[in-house]
Amino acid sequence: MPVNLTSHIRPEAHGCSPFQIKRYVEKILDEFEVCEYNVNILITDDLEIRHLNKKYRNKDSATNVLSFPFSDGLDENLSFLPIKELGDIVISLETAKKEAIRYREHLSFRIYWLVTHGVLHLLDYDHERSDEEARKMLAKEQELLSKFYKYRRQTMPQLAINVDHVSTIRQARGGSEPDPVLAASLCEIAGASGIVVHLREDRRHIQDSDVYLLRKTVKTKLNLEMGANPEIIKIALDVVPDMITLVPEKRQELTTEGGLDVISQKKKLATVVKKFNKAGIPVSIFIDPDLEQIKASADIGAKFVEIHTGRYSDALTEDQQDDEFELIAAAADEAYQQGLVVNGGHGLNYHNTGRIASLDAIDELSIGHSIISRAVFSGIERAVKDMLKIINNGSMQLY
Ligand code: PXP
């Protein structure tokens with residue numbers, strides 16, 4: 001990885017993750033055709049940046065950003081070195097926050113601006129050399145920011161709750177309790193922003209009557225999850241949910257096992273999406289964190305994608321989870337850049353959701369099993385509120 005990012009503090013409400021900053025800097029390096037060079041970025045506080053400013057620049061004050069080009073002060077040609085270094089950038093989050101308030105900017109924008117400024121210094125831009133150089137550097141900063149920085153969500157992701165498993169318990173006895181419609185209302189009262197149900201071909205949990213009733217009772221947003229199956233499509237067009245999510249569906253599976261392969265069924269899915277778009281029902285497609293599937297989903301007219309977080313949730317080691325997280329972050333970023341609304345879900349629980357909530361390209365999380373399981377012991381209201389707290393805290397962390 002050519003860009004290394006270290007953070008000495010856990011900032012609140014920054015609106016950007018280290019992974020996204022790294023990807024942003026990589027895009028700049030690519031633009032300048034120097035992507036084989038390393039850049040090190042440290043995010044720290046005023047105390048540390050002041051110390052560095054004094055030590056290396058003889059200035060005893062905190063500042064917003066410091067850049068240390070690797071070749072500074074060296075006459076030799078360093079091309080013989082096995083690792084190519086551009087240099088180090090240090091950013092004070094404390095100063096960045098003060099500046100964001102002073103200039104009425106979102107903190108995320110301020111941080112990206114400082115990162116851009118720091119990288120350009122490493123690339124030999126210097127606003128202190130002359131007015132002409134200052135103009136050149138400012139123009140380049142604006143160009144790079146408008147090309148690669150996209151302003152994102154400022155708030156926490158929304159929480160849509162899947163109440164399928166309330167029905168699973170009801171179906172175990174074939175009676176009328178517990179009622180998923182009542183569960184959905186309680187979730188909304190506790191703060192959920194949407195209700196999700198999956199009307200499966202085998203009707204193992206949610207029944208047609210549930211969907212019709214939910215259409216009447218849900219006050220937030222009803223998202224109907226479904227396979228692209230003619231019988232279910234007919235019901236969906238009759239119910240008119242607020243949106244649908246297309247998922248792959250196999251009869252034998254315990255739960256949805258993977259994302260939809262849009263690429264291999266592009267023509268068929270395009271027809272389905274067109275039908276729903278014509279009926280005014282936006283379509284989301286549940287896909288693995290795969291850049292090609294995202295592109296295919298955008299091509300066939302989907303408005304949303306839901307990125308499958310199952311492999312991340314099931315990871316057995318920290319390394320495996322890190323790898324899956326990076327795939328999700330890259331996929332969310334790409335889908336956002338393509339103009340899709342990005343949701344995420346599957347297997348998320350009270351331990352692994354915070355990190356996903358930190359991704360500011362993600363608009364909504366769809367969570368079912370863990371919330372309903374906890375509700376058995378704590379009640380629905382507590383279970384929903386605990387999850388909302390985790391999402392809120394997670395959305396303010398750097399991962
Ligand atoms: N998103 C989709 C597309 C799903 O199929 C499911 C499971 O029904 C979920 C989210 C919720 O997953 P979980 O129940 O593991 O939270």
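Numbering starts at 1 and runs along the sequence shown. As the structure lists them, so they are numbered: ligands from 1, and atoms in each ligand from 1. All values below were derived from every heavy atom in this structure, side-chain atoms included, with hydrogens, water molecules and symmetry-related copies excluded. These numbers were taken from a predicted model, which means no experiment stands behind them.
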At under 4.0 Å between heavy atoms, is it the side chain or the backbone of H346 that contacts ligand 1, or both, or neither? both
Looking only at heavy atoms of N162, does any of them come nearer than 4.0 Å to an atom of ligand 1?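 So N162 counts as touching ligand 1.
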Please confirm whether S370 approaches ligand 1 to less than 4.0 Å, judged on its heavy atoms. no
E99: partners by salt bridge (charged side-chain N to carboxylate O under 4.0 Å, His left out), with sequence neighbours left out: R110
Under 3.5 Å between some N or O of ligand 1 and some N or O of G345? no
Please confirm whether H165 comes within less than 3.5 Å of ligand 1 when only nitrogen or oxygen atoms on both sides are compared. no
Heavy-atom count check: over 12 atoms from other residues, nucleotides or ligands less than 6.0 Å from E36 CD? yes
Please say whether more than 12 non-hydrogen atoms of neighbouring residues, nucleotides or ligands are located less than 6.0 Å from CZ in R102. yes
Looking at H346, H205, H165, which one forms a ring pair (Phe, Tyr, Trp, His ring centres under 6.0 Å) with H369? H165
Decide side-chain hydrogen bond (donor to acceptor under 3.5 Å, both in side chains) for D164 and S167; before the verdict, give the C-alpha distance in whole Å, the side-chain angles of both, and the deciding distance to 0.1 Å. CA-CA 5 Å; D164 289 352; S167 317; 5.8 Å; no
For N229, does its backbone N or O pair with a side-chain atom of E201 as donor and acceptor, under 3.5 Å?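 No; zero donor-acceptor contacts below 3.5 Å.
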Short list, please: which atoms of ligand 1 are under 4.0 Å from a heavy atom of [X]?
| X | value |
| --- | --- |
| V247 | 3 (C) |
| H369 | 13 (P), 14 (O), 16 (O) |
| G347 | 12 (O), 13 (P), 15 (O), 16 (O) |

Run E133 and H127 through side-chain hydrogen bond (donor to acceptor under 3.5 Å, both in side chains) and show every step you take. CA-CA 5 Å; E133 287 273 333; H127 53 97; over 6 Å; no
Using heavy-atom distances, let me know which of H198, E306, M226, H308 sits nearest atom 10 (C) of ligand 1.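 Checking each option, the heavy atom nearest atom 10 (C) of ligand 1 is found in E306.
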